[in-house]
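Within every chain, numbering begins at 1; the chains are lettered A, B, ... in the order of the sequence lines, protein sequences first and strands thereafter.
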2 protein chains.
Amino acid sequence: MARNSPAPRSAKSRAGIRPLPGRARSENGNAHSDLMNGEIGLDALAGHAGYAVRRFQIWVFQDFIRTLGAVDIRPTQYSVMTVIGANPGLSQMAVAKRLGIERARLVHLLDSLEQRDLVSRVKSAADRRSHALHLTARGRTALAQFKRLAAEHERHVAEKLGKENRKKLLQILSDFT
Amino acid sequence: MARNSPAPRSAKSRAGIRPLPGRARSENGNAHSDLMNGEIGLDALAGHAGYAVRRFQIWVFQDFIRTLGAVDIRPTQYSVMTVIGANPGLSQMAVAKRLGIERARLVHLLDSLEQRDLVSRVKSAADRRSHALHLTARGRTALAQFKRLAAEHERHVAEKLGKENRKKLLQILSDFT
DNA sequence: TATTGTTATACTCTATAACTATA
DNA sequence: TATAGTTATAGAGTATAACAATA
């Protein structure tokens, strides 16, 4: 892809990815075109969990994409492979429902994973409408590597939030997984 | 709460918005096409803050869209109007940077808000390249209503997470706003 | 030369609808 | 009839590039 940092991985070389604004603005000396005082208030937005969560999620996904850029795997692809790896033989509907992905979209996700020989669709004998999903041999090897990189990404999250905060966050959101 | 608590008001009978799966599966008795035991493990996904955050963010945004459905305002539109309302005269670049929105995308967002007579672009005298953004009179009135509905949405979030958890979440993510 | 707003393109993601082949 | 997988479409949202007016 070249776009999203083939990067030496750690580095955080922010390839094409914009750093979060707001905080960053105070680093350079310009405040003329913004406001006289240089700070733009969020008003009611500051009290909305959804706003903070959206901004955080963008940061996390960008770090994930960057950290797994060398293997060209995005968060959704990783989640699909992980669930199939842990539950071989699942149908597409089962995976879609479990991960909250539209079944129509899962079709394309699987097309691309299948083309890369990471996942295979096996005609189910029991119900010939459905496909049993499995990782290929190559997929299993690849997933192991993806998991190592994803663990590295997770360390970035822990660095950013603090170990205890990350733990607390996972606990607070445990109902949504 | 009936799953996603669309709440009494707004009607907005979940217009097409799927309830979160996963938890829901155990309510109906079918587990044949999933797995024998009926539970699909997340494996490594369970340890990723990004996964939980993504699922949560989807829930929050769906509730926001539902709760403000009667006034047809989406989260990004609300964030733009709120920031302009609290900082009248900002340029498009300033708003885009503050909220992490691409300036190219903000153009279209403002087009639609301007067509609805909620926001106006005023040629800046100081720098004639830029526009000073303001709410219209109608926009100010409307924003007050949007804020009341958004506060109601935020109460849904508090119900879902628990008051203390919501507070802790906002605190943990305060760096990202 | 650099920046603001704009237009355009492309790709991801979400939300639907409809089709097919099975059940 | 209903369901699993598929195809198609439309609208957000993200990421870029390029252009005109202005600095």
* Would you mind telling me which of D:dT14, C:dA8, D:dA23 lies closest to the side-chain atoms of B:Asp127? => D:dA23
* Under 4.0 Å between a side-chain N or O of A:Thr76 and OP1 or OP2 of C:dT12? -> no
* To do: Of all the heavy-atom pairs spanning A:Val157 and B:Ala49, show the shortest one and how long it is.
  => CG1-CB, 4.1 Å
* To do: Among the candidates D:dG5, C:dA15, C:dG5, find the nucleotide nearest to the side-chain atoms of B:Gln62.
  => C:dA15
* Structure fact -> To the nearest angstrom, the CD1-P distance between B:Ile58 and D:dG13 comes to 13 Å
* To do: Evaluate the side chain to side chain contact (heavy atoms under 4.5 Å, CB included) criterion for residues A:Leu173 and B:Arg55: first the C-alpha distance (whole Å), next the side-chain angles of each, then the deciding distance (0.1 Å), finally the verdict.
  => CA-CA 9 Å; A:Leu173 300 182; B:Arg55 297 300 297 256; over 6 Å; no
* Please give, in whole Å, the distance from C:dT7 C1' to B:Leu106 CG? -> 15 Å
* Structure fact -> The nucleotide from D:dT7, D:dG5, C:dG5 with an atom nearest the side chain of A:Met93 is D:dG5
* **Rounded interatomic separation in angstrom, taking CZ from B:Arg74 and P from C:dC13** => 16 Å
* To do: Write down the distance between CZ (A:Arg54) and P (D:dT14), rounded to a whole number of angstrom.
  => 6 Å
* **Any N/O donor-acceptor pair, A:Arg129 side-chain to D:dG5 base, under 3.5 Å** => no
* To do: Please check the phosphate of D:dT3 (OP1 and OP2 only) for any side-chain N or O of A:Gln92 closer than 4.0 Å.
  => no
* Structure fact -> Of A:Arg128 and B:Leu110, the one whose closest nucleotide on DNA chain C sits nearer the 5' end is B:Leu110
* Write down the distance between CZ (A:Arg105) and C1' (C:dT16), rounded to a whole number of angstrom. => 16 Å
* Asked: Salt bridge or not for A:Lys147 and B:Asp43, using N-O below 4.0 Å?
  -> yes
* Between C:dC11 atom P and A:Ile65 atom CD1, what is the distance in whole Å? -> 16 Å
* Could you tell me if the ring centre of A:Phe64 sits under 6.0 Å from that of A:His156? => no
* Asked: Start at the 5' end of DNA chain D and walk down; is the nucleotide closest to B:Ala126 or to A:Arg121 reached first?
  -> A:Arg121
* Asked: To the nearest 0.5 Å, what is the distance between OH (A:Tyr51) and OG1 (B:Thr82)?
  -> 10.5 Å
* To do: Starting from C1' on C:dT6, measure out to CZ on B:Arg103 and report it in whole angstrom.
  => 9 Å
* Can you tell me how far P of C:dC11 sits from CD of A:Gln77, to the nearest Å? -> 15 Å
